[in-house]
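Presented below is the structure to which this report refers.
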Amino acid sequence: MIVVLIVACEVGFWVLLAVGLALRYLARMPRSGAAVLLMEPLLELILLIVTAIDLKNGAPADWKHGLAAVYIGFTVAYGHYTIKWVDGHFSHRFAGGPPPVKAPRYGLARAQHEGKLWVRTVAMAVVAAALLQIAIWYVGDGGDTGSLHEWQLTTLRIVALHGVIALSYPGRTAVTGEADRPPQKTLR
């Protein structure tokens, strides 16, 4: 049931996002669109409550509860960023807004961009690890919490892997050796 709810929350996230942006830009109802977008956190709250009820009713703490915690952590850390990114693209495509700013491709600017994303991943891991620790305390010594501990380690692995990826960017430069300078236009 938890896995189905996680999938439902993910589908619900994208449906609410599409409806909110459609109301904002296509129907020209920005307040209604904002109200729909503000309902996004309710999905995670429902998932958290259902997960807690599932554990309270005696379900063994397993990978599904860990996945729910990581999903909630990811949504807390990356949800607003994702909504803002999609909003920029939707505004440009359907409402004549300015083109969205692209992430830098090379050099220090790209490294800083990746560093900011890595900080979001750290936030995801902190939220997920905290929720997992609360679940471990909630289950207590009488229950098997090995899976939840394993998910805590998984969040650390994710942070480490993303850190390695983020650190790999400063050495990359454009083919010409000039990092973030736009190409020169020639007159004919």
Side-chain angles (χ1 to χ4, degrees), residues 1-24 30-56 59 61-91 100-101 103 110-139 145-167 169:
M1 179 172 123
I2 298 295
V3 175
V4 172
L5 187 58
I6 292 170
V7 171
C9 285
E10 181 65 14
V11 170
F13 174 86
W14 291 105
V15 168
L16 285 175
L17 184 57
V19 169
L21 293 176
L23 285 171
R24 177 182 272 180
R31 295 178 109 186
S32 298
V36 170
L37 292 175
L38 287 173
M39 291 179 1
E40 298 274 3
L42 290 176
L43 296 172
E44 281 65 44
L45 183 61
I46 291 168
L47 179 60
L48 182 63
I49 290 168
V50 170
T51 303
I53 290 170
D54 192 42
L55 289 172
K56 183 165 180 61
D62 60 7
W63 66 271
K64 296 176 287 219
H65 300 98
L67 181 62
V70 171
Y71 177 80
I72 292 169
F74 182 85
T75 304
V76 167
Y78 281 95
H80 183 264
Y81 177 82
T82 303
I83 291 171
K84 188 176 174 183
W85 183 84
V86 172
D87 184 42
H89 282 76
F90 198 94
S91 169
V101 177
R110 179 59 185 219
Q112 289 172 339
H113 173 75
E114 290 297 321
K116 289 176 185 176
L117 291 178
W118 180 77
V119 168
R120 289 183 183 280
T121 301
V122 170
M124 177 275 303
V126 167
V127 169
L131 289 173
L132 289 164
Q133 190 59 47
I134 291 168
I136 290 167
W137 291 333
Y138 187 70
V139 171
T145 57
S147 176
L148 300 180
H149 285 290
E150 188 59 38
W151 272 103
Q152 285 178 321
L153 292 174
T154 298
T155 61
L156 291 176
R157 289 183 198 113
I158 292 169
V159 167
L161 179 62
H162 193 177
V164 168
I165 292 168
L167 288 173
Y169 277 95

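Only this structure's heavy atoms are used, side chains among them; waters, hydrogens and symmetry mates stay out.
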Closest approach of C9 and L47, non-hydrogen atoms and distance?
SG-CB, 3.9 Å
Considering all heavy atoms, the nearest G12-L43 contact
C-CD1, 3.6 Å
Considering non-hydrogen atoms only, spot the tightest contact between V127 and G73 and give its length.
CG1-CA, 3.6 Å
One should read off an interatomic distance between L148 CG and W63 CH2, to the nearest 0.5 angstrom, of 13.0 Å
Are any of the side-chain heavy atoms of L17 and L37 separated by less than 4.5 Å?
yes
Just by distance, do the side chain of T155 and the backbone of Q152 share a donor-acceptor pair under 3.5 Å?
yes
Check: W85 and T82 side chains under 4.5 Å, non-hydrogen atoms:
no
When rounded to the nearest 0.5 angstrom, what is the spacing between CZ in R157 and CD in E150?
5.0 Å
Gap separating the CG atom of L131 from the CD1 atom of I134, nearest 0.5 angstrom
5.5 Å
With a 4.5 Å heavy-atom cut-off, do E10 and Y71 have their side chains touching?
yes
So CG of L67 and CG of L132: to nearest 0.5 Å the spacing works out to 10.0 Å
Can you give me the closest heavy-atom contact between V86 and W14, atom names plus distance?
CG2-CZ3, 3.9 Å
Taking atom CZ as the centre, does R31 end up with more than 12 heavy-atom neighbours from other residues, nucleotides or ligands that are less than 6.0 angstrom away?
no
Any side-chain to backbone donor/acceptor pair from Y78 onto M124? Under 3.5 Å, distance only.
no
Is the NE2 atom of H89 crowded by more than 12 outside heavy atoms at less than 6.0 Å?
yes
Any side-chain heavy-atom pair of F13 and I83 under 4.5 Å
yes
Might you point out which heavy atoms bring V139 and A61 nearest each other, and give the distance in Å?
CG2-CB, 4.1 Å
Side chains of V50 and M1: closer than 4.5 Å at any heavy-atom pair?
yes
Checking side-chain contact (heavy atoms from CB on, under 4.5 Å) between K64 and each of L5, D54, V3, T51, which is the one that passes?
V3
Using 0.5 Å steps for rounding, measure from the NE2 atom of H162 to the CD1 atom of I158.
11.0 Å
Restricting to non-hydrogen atoms, name the atom on A166 and the atom on G115 that form the minimum distance, rounded to 0.1 Å.
CB-N, 4.4 Å
Is there side-chain contact between W118 and L167, with heavy atoms separated by less than 4.5 Å?
no
Interatomic distance, I6 atom CD1 to H65 atom NE2 [nearest 0.5 angstrom]:
9.0 Å
